[in-house]
Amino acid sequence: MPPAGGGRRRKRERERANLGPLFMVWRELLKYPGRMATAGLALVTTAVSTLAIPFGFRQIIDQGFAQGADPRAIGWWFAMLMGVVVILAVATAIRFYSVSWLGERVVADIRLTVQRHLLTLAPAFFEENSPKEISSRMTSDTAIIEQIVGTTVSVALRNAIMAVGGVIYLFMLAPGLTAGLIVAIPLVILPIAAFGRRLRAVSRSSQDRVADIGALTAEVLGALKVVQAFNQETRERERFAAAVERTFNTGRQRIKIRAIMTAVIMFLIFGAITLIMWRGAIGVAEGTITGGTIAAFVVTAGIVAGAFGSLTEVYGDLVRGAGAASRLAELLGERPSIAAPPRALQLPEPPRGKLAFERVTFRYPSRPELPALHDFSLSIEPGETVAIVGPSGAGKSTLFQLAERFYDPQGGAIKIDGVPLASADPAQVRARIALVPQEGVLFAATARDNLRYGNWQADDAAIWEAARAANAEGFLQALPQGLDTFLGEDGGRLSGGQRQRMAIARALLRDAPILLLDEATSALDAESERLVQDALDRLMAHRTTLVIAHRLATVRQADRIVVMDGGRIVEQGTHDSLSRAGGLYARLASLQFEGTSATPLA
Ligand SMILES: Nc1ncnc2c1ncn2[C@@H]1O[C@H](COP(=O)(O)OP(=O)(O)OP(=O)(O)O)[C@@H](O)[C@H]1O
């Protein structure tokens, strides 16, 4: 099973080679002009004071070390040089702090923006784009951007200033020698451009491979029990090993290009310097140049060479950053397919709780060939309880997906209190619905916060009242710290029946007029079963309820039973009338309701 994201990757590889995506990072940086100014000033100061050091050397060597020089003058020169060193040290600290601060801040801002945006996207987006891959974008791609802002750009600017300033100073020191150096510069720049282009492609696929590893790790750890239960450790180890080796190989390709690139550039720079020094040595021998000048020239040329050397690495980093930024921009550019229309209709007040499907035809975006609902019509009156029954894949859960407007149907309309969902604000629509899924979803938070997910305004009195009605009071009181007990990731501390009652209590707190209830198929023991049923009865009272029924008790109590098959309604009636009719319902019921009411129907 290859990790997801192949399609997107191919699309990305067709994009033009440019650093344009980094513009997004620049826009984020512009939000902090004060910090930028401080960083810029410190940056210029460090670059200039670094260059002041060879200047000082020259003075000291030519004047200070000359025989018969005034010791006080020597002291003065050294004091000056020490001053420069202090300025260099302080400016470096300020530069490091403000530049790193910007890196951390920009990444924090980008993470906030991306998460805010992801929350607006429709579930269909996450069927085509693995959430695991997206979550690795949140960590690895943002880390790359942090490095760009916090290190690379400052290194680049400082080295650019030092390279330019250094070259000017070299000209002042020895124009002839420097001219030779300048001739060497295009020899340096051209290979950078050539290697850089190749490096860019390799860096991108290298990052993709790293994301694959993250996705694979999360997938296997998330399903560890299944892996172990099926003795698939060897297979998972091999699958992971293959991914790791792919990552290593693309990484190796990247560092190979970079190694060759560095070697070529270093050779060109230092080869040129060596040749120029040879000319300089002849100059000193002939007395046309001083020792101080040659010393300053050596140190400055070293600084300039180092600066150019770092600049070559900068390009590679910027390219990596542009890759990361373009992926984040791609996420941010994804328009939510489900959103409120420009002039959304208001749902009528007070809510009545009428839910209607009118000739709805729907295909899931990821399975366009198979209609999950076919010309489906069903109208549920306020306060009515409708039980949905049917074989697996009949389209029962799809009704919930559409009522919550996680998807839009291709044909027909779904209406709440007479307003088509497509014309309303999804937030308003969802506020009228309480959903109790088959598996109660719990967050890594306290019991209190898990319940308040239904309604953040609820105080403890309201929470306990809901807990009592949901038959959850007893076990909540028995938790070590009561409502303050941390339920752990995925609420691992609660049993299946307890989780269901948590979900019911949450739905009670939500207090919405329409209830979408997916009964758990897992059989509970008789006591749990009774507690859950009892809680459900209280939850369903006075609400419009659409329930995917798995229990005899539920279908018996329903005002109406709707039997679905292949995305259509095949029968409607009561338990007694449908049992007598001898159709699909009678078959399903005779197979599955026999013996115990806890046995799943579908
Ligand atoms: N996210 C999805 N993407 C693509 N196809 C889907 C998706 N969810 C469901 N389907 C398909 O749509 C059809 C209806 O599925 P649905 O989940 O509504 O059935 P169901 O009656 O609830 O089944 P079950 O009782 O097994 O939960 C099935 O053929 C299913 O494979």
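Note that ligands are numbered from 1 as they come in the structure, with each ligand's atoms numbered from 1 the same way.
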Residue portion contacting ligand 1 (non-hydrogen atoms closer than 4.0 Å) for [X]:
X: Ser392; answer: both
X: Ile548; answer: neither
X: Glu127; answer: side chain

Proximity winner for atom 19 (O) of ligand 1, if only heavy atoms of Pro391, Ala124, Gly567, Gly395 are counted: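 Nearest option to atom 19 (O) of ligand 1, by heavy atoms: Gly395.
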Shortest reach to atom 3 (N) of ligand 1 by a heavy atom, considering only Ala372, Ser366, Pro123: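 Checking each option, the heavy atom nearest atom 3 (N) of ligand 1 is found in Ser366.
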For a quick check under 3.5 Å, do [X] and [Y] share a side-chain donor-acceptor pair by atom type?
X: Thr574; Y: Ser577; value: yes
X: Tyr364; Y: Thr398; value: yes
X: Gln207; Y: Arg327; value: yes

Proximal ligand 1 atoms for [X], defined as those under 4.0 Å from one of its heavy atoms:
X: Thr398; result: 14 (C), 15 (O), 16 (P), 18 (O)
X: Leu370; result: 29 (O)
X: Ser397; result: 17 (O), 18 (O), 20 (P), 22 (O), 27 (O)

Enumerate, atom names and distances included, each donor-acceptor pair closer than 3.5 Å involving a side-chain atom of residues 346-356, sequence neighbours excluded.
{"from": "Gln346", "atom 1": "OE1", "to": "Gln428", "atom 2": "NE2", "distance (Å)": "2.6"}
{"from": "Glu349", "atom 1": "OE2", "to": "Arg432", "atom 2": "NH2", "distance (Å)": "3.1"}
{"from": "Lys354", "atom 1": "NZ", "to": "Ser379", "atom 2": "OG", "distance (Å)": "3.0"}
{"from": "Lys354", "atom 1": "NZ", "to": "Glu381", "atom 2": "OE2", "distance (Å)": "3.0"}

Min heavy-atom dist Tyr407 to ligand 1 below 4.0 Å: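 Heavy atoms of Tyr407 do come under 4.0 Å of ligand 1.
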Ring geometry between Phe376 and Phe357 (parallel below 30°, tilted from 30 to 60°, perpendicular above 60°):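 Answer is perpendicular, since the angle exceeds 60°.
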Counterpart residues, salt bridge (charged side-chain N to carboxylate O under 4.0 Å, His left out), relative to Arg560 (two or more places apart):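 For Arg560 the salt bridge (charged side-chain N to carboxylate O under 4.0 Å, His left out) partners, ignoring immediate neighbours, are Glu384.
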Any N or O of Gly393 closer than 3.5 Å to N or O of ligand 1: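 Yes, Gly393 has an N/O under 3.5 Å of an N/O on ligand 1.
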Nearest atoms (heavy-atom pairs only) where Arg405 meets Pro426: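 Closest pair (atom of Arg405, atom of Pro426, distance): NH1-CG, 3.8 Å.
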